[in-house]
Amino acid sequence: MSNLKSVTLSPDHVDKYGLPVPLVSLSLNDQDQRTINFGLAKVDEISTKSGIQSLDPIGYGLNGNHPLGGLRMSNSPETGVVDSFGRSYDFKNLYILGGGMFCSTGSFNPTLTIAALTLRTLKSDARLWTADTEASHV
């Protein structure tokens with residue numbers, strides 16, 4: 001993971017409640033640029049072979065198509081927000097099961113990975129899937 005990508009709190013801007021808003025920093029490192037260039041070359045190759053005369057990819061995945069991160073999964077609360085099961089370090093009855101727990105993304109939508117992690121979490125603790133209302137207060 002590149003240290004050029006981060007989410008911090010803005011030192012200059014606050015929301016209507018006076019709380020600092022997120023400040024998203026995103027810069028491409030050399031590997032990111034090589035990956036984009038490789039993908040664009042493949043798009044050109046495939047579109048040429050398919051007879052497509054004009055194709056103009058936009059955003060290259062940097063335009064907010066699938067925002068991820070901000071609630072980093074980690075082995076410790078010092079370096080992350082949730083554990084490997086998506087359980088919050090600060091709120092023991094809160095599970096974050098979605099793209100927010102990724103540090104970054106691969107080249108495609110992580111839908112199946114999110115579903116797999118969610119099922120793994122549910123299977124790890126029967127109290128998360130029981131119909132018993134008492135058990136729902138983990």
Side-chain angles (χ1 to χ4, degrees):
M1 162 130 167
S2 170
N3 61 359
L4 302 174
K5 301 170 180 78
S6 65
V7 179
T8 58
L9 296 177
S10 173
D12 303 317
H13 302 285
V14 296
D15 64 14
K16 66 181 182 179
Y17 302 106
L19 300 172
V21 297
L23 179 63
V24 178
S25 299
L26 175 63
S27 297
L28 298 177
N29 62 26
D30 292 339
Q31 178 64 40
D32 296 329
Q33 195 59 57
R34 285 192 304 271
T35 302
I36 289 171
N37 292 343
F38 177 83
L40 290 174
K42 287 295 178 187
V43 166
D44 287 343
E45 178 185 333
I46 293 167
S47 61
T48 299
K49 287 180 180 180
S50 301
I52 297 172
Q53 295 178 5
S54 176
L55 185 64
D56 187 21
I58 58 171
Y60 310 116
L62 302 176
N63 58 359
N65 293 344
H66 304 284
L68 301 171
L71 304 165
R72 185 180 189 151
M73 183 192 312
S74 177
N75 291 329
S76 75
E78 288 76 29
T79 57
V81 177
V82 298
D83 67 14
S84 65
F85 289 94
R87 189 174 190 169
S88 169
Y89 284 116
D90 291 332
F91 303 96
K92 294 302 178 190
N93 64 341
L94 174 64
Y95 286 80
I96 300 165
L97 304 173
M101 64 182 166
F102 294 124
C103 296
S104 64
T105 183
S107 57
F108 294 98
N109 307 344
T111 304
L112 294 177
T113 304
I114 291 169
L117 288 170
T118 300
L119 290 172
R120 177 178 167 262
T121 296
L122 292 173
K123 288 179 180 180
S124 74
D125 188 338
R127 296 175 297 171
L128 297 175
W129 51 267
T130 183
D132 181 1
T133 57
E134 288 295 314
S136 67
H137 301 288
V138 178

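- Taking each heavy atom of Pro20 and Ser10 in turn, the nearest pair found is CB-O, 3.6 Å.
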Audit row: Thr118, Tyr95, side chain to side chain contact (heavy atoms under 4.5 Å, CB included) steps and yes/no: CA-CA 10 Å; Thr118 300; Tyr95 286 80; over 6 Å; no
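- Shown here for Leu23 and Pro11, the closest heavy-atom pair between the two residues is CD2-CD, 4.3 Å.
- Scanning for side chain to side chain donor-acceptor pair (under 3.5 Å) contacts around Asp44 gives an empty result, with sequence neighbours left out.
- At distances below 3.5 Å, not a single donor-acceptor pair connects side-chain atoms of Arg34 with backbone N or O atoms of Asn29.
- Residues Phe102 and Thr113 approach most closely at CZ-CG2, 3.8 Å, considering heavy atoms.
- Lys42 meets the side chain to side chain donor-acceptor pair (under 3.5 Å) test with Glu45; sequence neighbours excluded.
- Heavy atoms from other residues, nucleotides or ligands lying under 6.0 Å from CG of Asp15 number more than 12.
- Scanning both residues, Met101 and Leu117, for their nearest heavy atoms gives CE-CD1, 3.6 Å.
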Chi angles and distances behind the side chain to side chain contact (heavy atoms under 4.5 Å, CB included) call for Phe85, Leu122: CA-CA 9 Å; Phe85 289 94; Leu122 292 173; over 6 Å; no
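- Under a hydrophobic clustering in which Ile, Leu, Val, Met, Phe, Trp and Tyr are joined whenever their side-chain heavy atoms come within less than 4.5 Å, directly or via other members, Leu94 and Met73 fall into the same cluster.
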Leu19 vs Val14, side chain to side chain contact (heavy atoms under 4.5 Å, CB included): CA-CA, chis, key distance, verdict: CA-CA 5 Å; Leu19 300 172; Val14 296; 5.9 Å; no
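- Under the 4.5 Å side-chain heavy-atom criterion for Ile, Leu, Val, Met, Phe, Trp and Tyr, Leu119 and Ile114 are members of distinct hydrophobic clusters.
- For the pair Ser88 (side chain) and Asp90 (backbone), a donor-acceptor distance under 3.5 Å is present.
- Between the Arg87 side chain and the Val82 main chain, no donor and acceptor come within less than 3.5 Å of each other.
- Distance check, rounded to the nearest 0.5 Å: OG of Ser47 to CD of Gln53 gives 11.0 Å.
- Listed by chain and number, the residues in a side chain to side chain donor-acceptor pair (under 3.5 Å) with Thr79 are Ser74, Ser76 (sequence neighbours excluded).
- Once rounded to the nearest 0.5 Å, the distance linking CG of Leu71 with CG of Leu97 reads 11.0 Å.
- Taking a 6.0 Å sphere around OH of Tyr89, one finds it holds more than 12 heavy atoms contributed by other residues, nucleotides or ligands.
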Stepwise side chain to side chain contact (heavy atoms under 4.5 Å, CB included) check, Leu128 with Thr121: CA-CA 8 Å; Leu128 297 175; Thr121 296; 3.9 Å; yes
